[in-house]
Chemist: 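Just passing along the structure, written as structure tokens.
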Amino acid sequence: MEKYGKGTQAVQGGYRPGNAEPRQVPIVQSTTFKFDNSEYMGQLFDLEQSGYFYTRLANPTNDAVASKIAVLENGTAAMLTSSGQAANFFAIFNIANAGDHIIASNSIYGGTFNLFGVTMKKMGIDFTFIDVNASEEEIQAAFKPNTKAIFGETIANPGLSVFDIEKFAKVAHKNGVPLIVDNTFATPINCRPLDWGADIVTHSTTKYMDGHGVSVGCAIVDAGRFDWMAHADKFPGLTTPDESYHGVTYAEKFGKEGAFITKCTAQLMRDFGCIQSPQNAFYINLGLESLHVRMARHCQNGMQVAQFLADHPAVESVRYPNLEGDPYYALAQKYLPNGSCGVVSFRIAGGREAAEIFMNSLKLIAIETHVADARSCCLHPASTTHRQLSDDELQAAGIYPNLIRVSCGLEDAQDLIADISQALDAALAGVNHAD
Ligand SMILES: *Cc1c(COP(=O)(O)O)cnc(C)c1O
């Protein structure tokens, strides 16, 4: 499918039925697979044959959907996991052990920040969070002898910063480690991090790839370019025999193209589970079939809402990477020339109180802790996801008490704008009343 455009890949990638076979990807809702003899099954266990024996390790529906995502991202291999959290955990834990160190951008999803800084720290993996705008020298200065990867998000959730993939890839490669990029918000339709030098891409497919608020899930994609053998002592898990898997050396047996995902499946999925259900993979595939069409509309709506907010007297400031004047405008022009995503954030005049009135006045846009859905939704972090923080703590975290995040769905832009407009009017009036 490599020669086709992204739209064709989104519709037909990953699954090519043969004569008289089902047109749609079949849901293989089976935990296990049947064999005529034990020898054949033994070969599968030894990774001598490729095939299926137990759905925790691999399943045909999941594989078809993972292959489509691999094609869309220009990778050589991919796998699905049960959620975005599991993918980012696997992507790091596949190459880092207790005693190792990872450099991560400080502008990343809160769940990932906690996974890295709290839970994986307890497992003995140390993280240094650096400014998303760090210079090459500052990135270099964060390196330690035991550093095993750099991690960032193409467009950060919820910070909406744009990650300078080429810059981080350059420093990572100079130090002999891979760059891992969470591409959830941009999707491969708007940016392919692997084409800019990233080595591994992760996705919370729960967001735009599903796009209909139906199933939690995730994908990990490998560019198949990182030369593990050239840095063999840094990555012993890939470059020395795995005694828990019949002595296989992943980087030798599966090469650059297949080592990372094969190890991740054979070891981490075997031991931790976190498998995507085939039914959920099927739903994600339905979302993928229209991803290219939907992303264009999400971006169009996001841009129109951002422009409306930028001109509104009740709005102090707006953040949207493709809006001229945004701090990340130049990086968005480079990495996201066709659009970024449907998420816009803004600070309402009148502080926390105005934000609360605004939220309560929305009629069409729903209050939800979600983004990237066909239906527009909105969040006031200070009174929901970040409510345990004081106003001073919120400020320090860049989550201002008057910050509102809108995820523009697929409705008509004029209806979204009308809803936001009447809620801004109500907020203005409410605050004036209180005065
Ligand atoms: C939502 C999200 C995650 C976590 O994904 P889940 O599917 O909710 O586990 C990870 N990264 C980013 C950028 C996200 O937006």
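We count ligands from 1, going down the list as the structure has it; atoms in each ligand are counted the same way.
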Chemist: In this structure, does ligand 1 have an atom that sits under 4.0 Å from one of the heavy atoms of A87?
Modeler: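 Per 4.0 Å heavy-atom rule, A87 does not contact ligand 1.
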Chemist: Looking only at protein heavy atoms, identify the closest one to atom 15 (O) of ligand 1 and say how far it is in Å.
Modeler: K207 NZ, 2.6 Å
Chemist: Got an N/O contact under 3.5 Å between F185 and ligand 1?
Modeler: no
Chemist: G84 heavy atoms, cut-off 4.0 Å: which ligand 1 atoms fall inside?
Modeler: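 Result: 4 (C), 5 (O), 6 (P), 7 (O), 9 (O).
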Chemist: Going by the atom numbers of ligand 1, which of them fall below 4.0 Å from some non-hydrogen atom of G217?
Modeler: 7 (O)
Chemist: What is the minimum heavy-atom distance between E136 and K167, and which atoms define it?
Modeler: CG-CG, 3.8 Å
Chemist: Do the rings of F113 and F129 sit parallel, tilted or perpendicular, given the 30° and 60° boundaries?
Modeler: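 Tilted, since the angle between the ring planes falls between 30° and 60°.
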Chemist: Which heavy-atom pair separates K6 from L72 by the least distance, and what is that distance?
Modeler: O-CD2, 3.6 Å
Chemist: Relative to the heavy atoms of T184, which atoms of ligand 1 are at a distance of less than 4.0 Å?
Modeler: 12 (C), 13 (C), 15 (O)
Chemist: Give the numbers and elements of all ligand 1 atoms closer than 4.0 Å to a heavy atom of E153.
Modeler: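 Heavy-atom distances to E153 below 4.0 Å select 13 (C).
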Chemist: Which of the numbered atoms in ligand 1 are under 4.0 angstrom from any heavy atom belonging to N157?
Modeler: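 Within the 4.0 Å cut-off of N157, ligand 1 contributes 14 (C), 15 (O).
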Chemist: Please work out which of the three classes, parallel, tilted or perpendicular, describes the rings of F226 and H173, given edges at 30° and 60°.
Modeler: tilted
Chemist: Return yes or no for this condition: an N or O of Y109 is under 3.5 Å from an N or O of ligand 1.
Modeler: no
Chemist: Parallel, tilted or perpendicular, judged at 30° and 60°: which one describes the rings of F260 and W228?
Modeler: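 Correct class here is parallel.
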Chemist: Considering only the protein, which heavy-atom contact is closest to atom 8 (O) of ligand 1, and what is its distance?
Modeler: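 The protein heavy atom lying closest is S204 OG, 4.1 Å.
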Chemist: What are the two closest non-hydrogen atoms of N190 and C299, and how far apart are they?
Modeler: ND2-SG, 3.4 Å
Chemist: In the protein, which heavy atom is nearest to atom 7 (O) of ligand 1, and how far is it?
Modeler: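 For atom 7 (O) of ligand 1, the nearest protein heavy atom is T206 OG1, 2.7 Å.
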Chemist: Does the structure place the NZ or CZ of K207 under 6.0 Å from the centre of the six-membered ring of Y109, at an angle of no more than 45° from the ring's axis?
Modeler: yes
Chemist: I need the nearest protein heavy-atom contact for atom 12 (C) of ligand 1: residue, atom name and distance, please.
Modeler: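 Residue, atom and distance for the closest contact: D182 OD2, 3.5 Å.
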Chemist: Check the angle between the aromatic planes of F127 and F116 and answer parallel, tilted or perpendicular using the 30° and 60° thresholds.
Modeler: parallel
